[in-house]
Amino acid sequence: MRNVNDSKKNIIQNIDSRQCFEKLSKEAGSYLVDVRTKPEWLFVGVPDLQSLQKKTICVSWHVYPNMEINVNFESEILESGINKQDAIFLICRSGNRSSDAAELLTSRGFTNCFNVKDGFEGEIGPNHQRSTINGWKYSKLPWKQ
């Protein structure tokens with residue numbers, strides 16, 4: 001017999017940046033949320049969805065400079081016009097913060113969250129540099145600075 005407390009758990013799908021871009025291009029009610037910090041957006045760049053007639057929604061998971069978790073994260077997501085049933089693709093530098101953000105949102109009733117596992121810059125390569133193995137920039141997906 002199943003325990004009453006065993007509620008169905010929302011599963012966060014991990015997808016790579018190419019899959020993310022493809023899904024964003026095909027799904028009308030889908031959003032890309034960049035959870036990095038303002039300095040990262042300004043100095044490293046952001047995904048550019050202009051070719052899809054969409055824009056990247058920037059909501060920091062950690063607040064710079066103290067890097068504490070943004071206590072307003074969920075409300076800022078909702079204020080951006082995203083609904084709890086929309087497809088939400090969360091991206092950060094390399095897939096860690098975005099995974100944490102997706103976990104929080106699913107725990108709060110968001111039902112369609114995806115973590116972009118390779119992030120905007122990807123993993124650190126053999127020469128200790130990012131964007132050399134995987135990630136949005138490495139995949140030559142559109143971005144701007």
Side-chain angles (χ1 to χ4, degrees), residues 2-124 129-145:
R2 195 171 154 200
N3 187 331
V4 176
N5 293 327
D6 289 341
S7 62
K8 74 173 186 176
K9 181 178 178 175
N10 288 320
I11 297 173
I12 299 162
Q13 294 185 45
N14 286 298
I15 61 171
D16 67 32
S17 52
R18 286 185 183 115
Q19 292 170 314
C20 173
F21 189 78
E22 183 178 329
K23 286 181 176 285
L24 285 165
S25 69
K26 292 179 179 176
E27 296 180 28
S30 61
Y31 299 89
L32 180 63
V33 178
D34 190 328
V35 303
R36 295 174 300 145
T37 63
K38 186 174 183 177
E40 288 174 292
W41 303 325
L42 294 173
F43 299 115
V44 181
V46 293
D48 183 0
L49 303 180
Q50 194 171 22
S51 66
L52 306 179
Q53 287 77 50
K54 294 183 177 189
K55 68 178 198 168
T56 302
I57 297 169
C58 296
V59 179
S60 291
W61 174 246
H62 288 128
V63 179
Y64 182 84
N66 296 333
M67 302 308 284
E68 296 170 353
I69 292 177
N70 179 1
V71 296
N72 299 315
F73 185 77
E74 179 185 7
S75 62
E76 290 177 29
I77 293 290
L78 292 168
E79 287 168 12
S80 75
I82 295 174
N83 296 311
K84 289 189 174 191
Q85 297 76 31
D86 291 331
I88 306 169
F89 300 90
L90 296 121
I91 191 168
C92 65
R93 181 187 63 198
S94 57
N96 293 321
R97 286 174 283 175
S98 53
S99 179
D100 291 344
E103 295 260 344
L104 173 91
L105 291 178
T106 58
S107 76
R108 302 282 176 86
F110 289 77
T111 58
N112 206 4
C113 293
F114 296 82
N115 177 44
V116 182
K117 65 183 178 183
D118 56 347
F120 187 67
E121 295 182 81
E123 298 172 69
I124 296 175
Q129 296 175 328
R130 294 191 185 274
S131 301
T132 60
I133 295 177
N134 58 13
W136 189 278
K137 289 171 87 173
Y138 174 81
S139 298
K140 307 230 183 299
L141 294 169
W143 65 280
K144 62 184 174 184
Q145 195 160 10

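Taking a 6.0 Å sphere around CD of Gln145, one finds it holds more than 12 heavy atoms contributed by other residues, nucleotides or ligands. Counting heavy-atom neighbours within 6.0 Å of Phe73 CZ, excluding the residue itself, gives a total above 12.
Legend: residues meeting side-chain hydrogen bond (donor to acceptor under 3.5 Å, both in side chains) with Trp143, ordered by chain and number and at least two apart, are absent.
Contact of the Phe21 side chain with the Leu49 side chain is registered, since non-hydrogen atoms from C-beta on lie closer than 4.5 Å. For the pair Asp100 and Ile69, the minimum side-chain heavy-atom distance is 4.5 Å or more.
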Output, in order, the C-alpha distance, side-chain angles, deciding distance and verdict of side-chain hydrogen bond (donor to acceptor under 3.5 Å, both in side chains) for Ser60 and Asn70. CA-CA 7 Å; Ser60 291; Asn70 179 1; 6.0 Å; no
Take Ile91 and Thr56 through the side-chain contact (heavy atoms from CB on, under 4.5 Å) test and state the conclusion after the steps. CA-CA 10 Å; Ile91 191 168; Thr56 302; 5.6 Å; no
Quick one: do Cys20 and Leu32 satisfy side-chain contact (heavy atoms from CB on, under 4.5 Å)? Show the steps, please. CA-CA 8 Å; Cys20 173; Leu32 180 63; 3.9 Å; yes
Working for salt bridge (Lys or Arg N to Asp or Glu O under 4.0 Å), residues Lys84 and Glu74: CA-CA 10 Å; Lys84 289 189 174 191; Glu74 179 185 7; 3.6 Å; yes
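No donor-acceptor pair under 3.5 Å is formed between the side chain of Lys137 and the backbone N or O of Arg130. In this structure a side-chain-to-backbone donor-acceptor pair under 3.5 Å is present from Asp118 to Ser17.
Gln85 and Asn112 make their closest contact through O-CB, 3.9 Å (heavy atoms, listed as atom of the first residue, atom of the second, distance).
Under a 4.0 Å N-O distance rule, the pair Arg36/Asp34 qualifies as a salt bridge.
Screening Val59, Val116, Ile57, Val35 for a side chain to side chain contact (heavy atoms under 4.5 Å, CB included) involving Leu90 leaves a single residue, Val35.
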